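Only a predicted model underlies this, so the values are computations on that prediction, with no experimental measurement involved.
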Amino acid sequence: MMYKAYEFQRSLLNAGSAMAGMAADMLHSQPYPFAGTQAMASALDVFAHAAAPRGKPVFGLASVTVGGKSHAVTETTAMHRPFGDLKRLARKGLPADAPRLMIVAPMSGHYATLLRGTVERMLEHNVVYVTDWADAKLVSVEEGRFDLDDFIDYLIAFLEYIGPAAHVMAVCQPSVPALAATAVMAKAGHPCRPASLTMMGGPIDTRESPTAVNTHASNKPYAWFKHNVIAQVPAPYAGAGRKVYPGFVQLASFMSMNLGSHMMSHYGLFKHLVQGDGESADATMAFYKEYRSVCDMTAEFYLQTVDLVFQKHALPKGEMVHRGHVVDPGAITDTAILCIEGERDDISGIGQTRAALTITPNLPEAMKKYHLAADVGHYGIFNGSRWRNAIAPLVDDWIASHNPGSCRR
């Protein structure tokens, strides 16, 4: 019922958005008698933007600028799997021995394009692969289930495709499966285990500096999540009948955490429109267009993540199991690990990602590094000016210093 009610509400908002947009166009148009009522037109523009339907965004990276020179970017699908593709992006002019970097996007309600700024910056010096997770409501039930074990399997398969000596960057939630996949591959002596693993704002051990997100996930019993936030995909979606954690529920949760700031952002958008500050208005609209584009997660993946990562802390306690075998981070001995945290991160608290350095006792200290980004929030770890100018160069240096080179795709 929850999903059907949302779909009904969404259809009303879509119609309202279209009507508001038309009304705003009329008020902006000089021939109409109400032309010049800029405040009313701007208010309608804000509503039309906020209520507009959102589809899956595209990376749209046609070129990147390096050293003042523009280089064309090519994007292809390297691997296709039911629950997620592996995208490959590369720029012209990269040296033949450029590092190959797999960026693991979060499966947390947003599309991989939320990392557009991350990808754009890392394209300067690397061939970039990105995990492009599917919207679960569009995956037929005939494709079966997808849980945390499957997530780990996908990462291993992607690394096998890329080949030996690749590098991995996990942003936020996938830090846990990325570290687990690295441990599984290390224990098996897998030749395609990553040369380096960078984790940014990841919940490796949420017992450290718990945030409101961690508290919400740990204060309620597992059964509460199963019965209150899981819904069944309705027709006519391709995944009709699949149990999911809807993206609109996740978005509502994140919006409510900082409702005041989101309201002020939209008020700022209104003022920019009234003042004719198109550049500032466009920047705000672009952010929310991406932020409000959400997708569903399979119920089993979401519930397993709540259970193992946020409630049982299975990985740091040595109790996480993958395909019947205990995941042992102690097996990691030659994958260099870089942990990055934001001083003002309200999603993953200070120390949660750094915990990865503690639970890998057999990795030489010279292959471990920790960086706390001063005055940076969660989003700023991987996007924005601080990311581009201060954090990304550190990641580039780490990758370069642990890049042995090998066969390439």
Side-chain angles (χ1 to χ4, degrees), residues 79 81 84 86 99-107 126 129 131 147-200 202-205 304-305 308-309 312-340 352-371 395 398-409:
M79 282 187 71
R81 303 288 292 272
L86 181 66
R100 291 152 299 129
L101 171 66
M102 181 173 78
I103 298 178
V104 187
M107 183 182 279
N126 307 272
Y129 294 81
T131 59
D147 60 13
L148 197 52
D149 282 348
D150 295 304
F151 194 115
I152 293 170
D153 290 341
Y154 267 49
L155 297 187
I156 294 173
F158 290 158
L159 283 168
E160 288 173 342
Y161 174 86
I162 298 170
H167 303 266
V168 174
M169 174 192 290
V171 180
C172 191
Q173 164 265 327
S175 293
V176 172
L179 182 60
T182 302
V184 169
M185 297 177 81
K187 188 171 184 179
H190 200 301
C192 295
R193 62 189 181 276
S196 76
L197 170 61
T198 297
M199 292 171 283
M200 305 195 297
I204 299 298
D205 190 345
Q304 195 177 21
T305 299
L308 296 180
V309 177
K312 293 181 178 176
H313 317 289
L315 183 60
K317 291 167 67 175
E319 299 171 357
M320 187 173 183
V321 175
H322 171 260
R323 304 300 181 199
H325 300 281
V326 174
V327 175
D328 178 19
I332 301 174
T333 59
D334 57 4
T335 295
I337 295 179
L338 169 62
C339 296
I340 298 174
Q352 293 187 12
T353 311
R354 184 177 56 198
L357 303 179
T358 302
I359 63 174
T360 50
N362 297 318
L363 183 65
E365 290 300 315
M367 300 185 74
K368 298 180 180 180
K369 187 176 181 66
Y370 172 71
H371 176 72
V395 178
W398 187 252
I399 290 174
S401 62
H402 297 91
N403 186 50
S406 188
C407 61
R408 308 180 183 286
R409 288 181 184 266

Worksheet entry | Geometric cation-pi criterion, R100 with Y129: 6.0 Å, 45° | no

Practice prompt. Give a yes or no answer on whether the side chain of H190 reaches the backbone of A186 with a donor-acceptor pair at less than 3.5 Å.
Written response: no

Fill in: 4.5 Å side-chain heavy-atom contact, L197 and L179
yes

Worksheet entry | L357 side chain reached by Y370 side chain, heavy atoms, under 4.5 Å | yes

Worksheet item: Is there a side-chain contact between L86 and I162, using heavy atoms and a 4.5 Å cut-off?
Response: yes

Practice prompt. With the side chain counted from C-beta on, respond yes when P203 and Q352 share a heavy-atom pair under 4.5 Å apart, and no when they do not.
Written response: yes

Fill in: W398 and H402 aromatic ring geometry - parallel, tilted or perpendicular at 30°/60° bounds
tilted

Discussion item. Restricting to non-hydrogen atoms, name the atom on S175 and the atom on G202 that form the minimum distance, rounded to 0.1 Å.
Written reply: OG-CA, 3.4 Å

Response to the item:
When every non-hydrogen atom of A166 is compared with those of L159, the smallest separation belongs to CB-CD2, 4.3 Å

Discussion item. Any non-hydrogen side-chain atom of F151 less than 4.5 Å from a side-chain atom of V104?
Written reply: yes

Worksheet item: How close do P329 and I359 get, heavy atom to heavy atom, and via which atoms?
Response: CB-O, 3.1 Å

Discussion item. Between H322 and D153, is there a side-chain donor-acceptor contact under 3.5 Å, judged purely by atom types and distance?
Written reply: yes

Response to the item:
On a heavy-atom basis, the closest approach of V309 and H313 is O-ND1, 3.5 Å

Item to complete: Take D205 and R354, measure what salt bridge (charged side-chain N to carboxylate O under 4.0 Å, His left out) needs, and give me the verdict at the end.
Response: CA-CA 9 Å; D205 190 345; R354 184 177 56 198; over 6 Å; no

